[in-house]
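Below you'll find the structure, written out as C-alpha cells, and then a few comments.
This chain uses plain numbering: 1 for the first residue, then up along the sequence. Keep in mind the model is a prediction, meaning the values are calculated, not measured.
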Amino acid sequence: MTTFGYEQSLGYDRRATRLLTGLYRRIATDIDARTTDSATVVDLGTGPGKLLSHLAARRPDLHLHGIDLSPHMIEIARRTLAEHTVELTVADVSDLPHPDASIDLAVSSVSMHEWPDLPTAVTELRRVLRPGGTAGIYDFRFARTREIRRALSAVFGSVDTETVRLPWHPIAVITCYRVTA
C-alpha cells in the first residue's frame, strides 16, 4: 500500500466529500443498527475521517478509532473530527495498534483492495475483534473479489456479502463483506 502525499490527500478529501457521502451515510446506518451502546469501533483506512464524522454525530456513545497509513490523511481527519472524541493513529492494517479482543466492530470503506498482504491484515483484524465482534468491509465489487473472499474465509470461515448501490450510480459498484469473530 502506498501512502498519499499532502496534495493527494486534500484531493481525495474533496472527492470523498462529493462522491462518497451517500456511502458513508449508508455505512453509518449499518453500524448504528449493528452496535450496542458504548461499543468500540475502528475504521480501517479512515482517510479524511468522513465516515467517523457521520458516526460521531449519529452515535456519540460509541468509542471511535480511525487508522490510516498516511500521516497526511490523519492530519485532515483530525481537522474533520475536531469537535468529536475520536482516537486517530497512523498505522498499517497489518499491524493494528489495538490489544487482542478489544474491538466490537471494524469497518473499512473502499480501502481493502489497496491492502498489499490480505492474509496478514485479515489475521490481524481477527486478533483485535472481540468474540462475537463483527467486521464490515465495503469495497469495489470487482476489485480482488476472489482474493478478498479467500482471505476472509480462511480466517473467519463464513463470509456474508451484500451488494450496495450508491444513490448517484446506476449500477451497484460496492460489495459489503461481513464476518464475525
Interatomic distance, [X] atom [atom1] to [Y] atom [atom2] [nearest 0.5 angstrom]:
| X | Y | atom1 | atom2 | value |
| --- | --- | --- | --- | --- |
| Leu129 | Thr40 | CG | OG1 | 11.0 Å |
| Leu55 | Ile31 | CG | CD1 | 4.5 Å |
| Arg34 | Leu105 | CZ | CG | 8.5 Å |
| Ser70 | Ile76 | OG | CD1 | 7.5 Å |
| Ser109 | Leu51 | OG | CG | 5.0 Å |
| Glu75 | His72 | CD | NE2 | 7.5 Å |

Which atoms form the tightest heavy-atom contact between [X] and [Y], and what is the distance?
| X | Y | result |
| --- | --- | --- |
| Ile67 | Ile74 | C-CD1, 4.3 Å |
| Ala151 | Val122 | O-CG1, 3.5 Å |
| Ala77 | Gly47 | CB-O, 3.6 Å |
| Leu44 | Ser108 | O-OG, 3.3 Å |
| Leu52 | Gly66 | CD1-CA, 3.7 Å |
| Ala101 | Pro131 | CB-CD, 4.2 Å |

Donor-acceptor under 3.5 Å ([X] side chain, [Y] main chain):
| X | Y | result |
| --- | --- | --- |
| Asp68 | Met73 | no |
| Ser153 | Arg149 | yes |
| Thr46 | Asp43 | no |

So which pairs with a foot in residues 25-59 pass ring pair (Phe, Tyr, Trp, His ring centres under 6.0 Å), sequence neighbours left out?
->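 Output for this query is empty, none listed.
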Hey, does Thr175 have a side-chain heavy atom less than 4.5 Å from the side chain of Thr145?
->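 Thr145 does not reach Thr175 side chain to side chain.
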Looking at side-chain heavy atoms only, is the closest gap between Thr21 and Lys50 below 4.5 Å?
->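 Answer no - side chains too far apart.
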Not counting sequence neighbours, which residues clear side-chain hydrogen bond (donor to acceptor under 3.5 Å, both in side chains) with Arg126? List them please.
->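 Residues passing side-chain hydrogen bond (donor to acceptor under 3.5 Å, both in side chains) with Arg126: none at all.
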For Thr120, what residues pass the side-chain hydrogen bond (donor to acceptor under 3.5 Å, both in side chains) criterion, not counting sequence neighbours?
->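 Listed in chain order: Asp117.
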Partners passing side chain to side chain contact (heavy atoms under 4.5 Å, CB included) against [X] (at least two apart in sequence or in another chain):
| X | answer |
| --- | --- |
| Ala143 | His113, Phe140 |
| Asp37 | Arg59, Asp61 |
| Thr163 | Arg141, Ala172 |
| Thr123 | Val155 |

Could you pull out all residues at least two apart from [X] that satisfy salt bridge (Lys or Arg N to Asp or Glu O under 4.0 Å)?
| X | value |
| --- | --- |
| Arg58 | Asp32 |
| Asp100 | Arg127 |
| Arg144 | Glu147 |

Among Val93, Ile103, Leu64, which one satisfies side chain to side chain contact (heavy atoms under 4.5 Å, CB included) with Val42?
->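 Exactly one pass, corresponding to Ile103.
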Residue pairs involving residues 128-137 (criterion salt bridge (charged side-chain N to carboxylate O under 4.0 Å, His left out); sequence neighbours excluded) |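 As it turns out, the salt bridge (charged side-chain N to carboxylate O under 4.0 Å, His left out) pairs with a partner in residues 128-137, which skip direct neighbours, are Asp104-Arg130.
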Residue pairs fulfilling salt bridge (charged side-chain N to carboxylate O under 4.0 Å, His left out) with at least one residue in residues 153-163, sequence neighbours excluded |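 Counting only pairs at least two positions apart or across chains, the salt bridge (charged side-chain N to carboxylate O under 4.0 Å, His left out) contacts touching residues 153-163 are Arg26-Glu162, Glu162-Arg178.
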With side chain to side chain contact (heavy atoms under 4.5 Å, CB included) as the test, would you mind laying out the steps for Leu125 and Phe156 before giving the verdict?
-> CA-CA 10 Å; Leu125 174 60; Phe156 290 96; 4.2 Å; yes
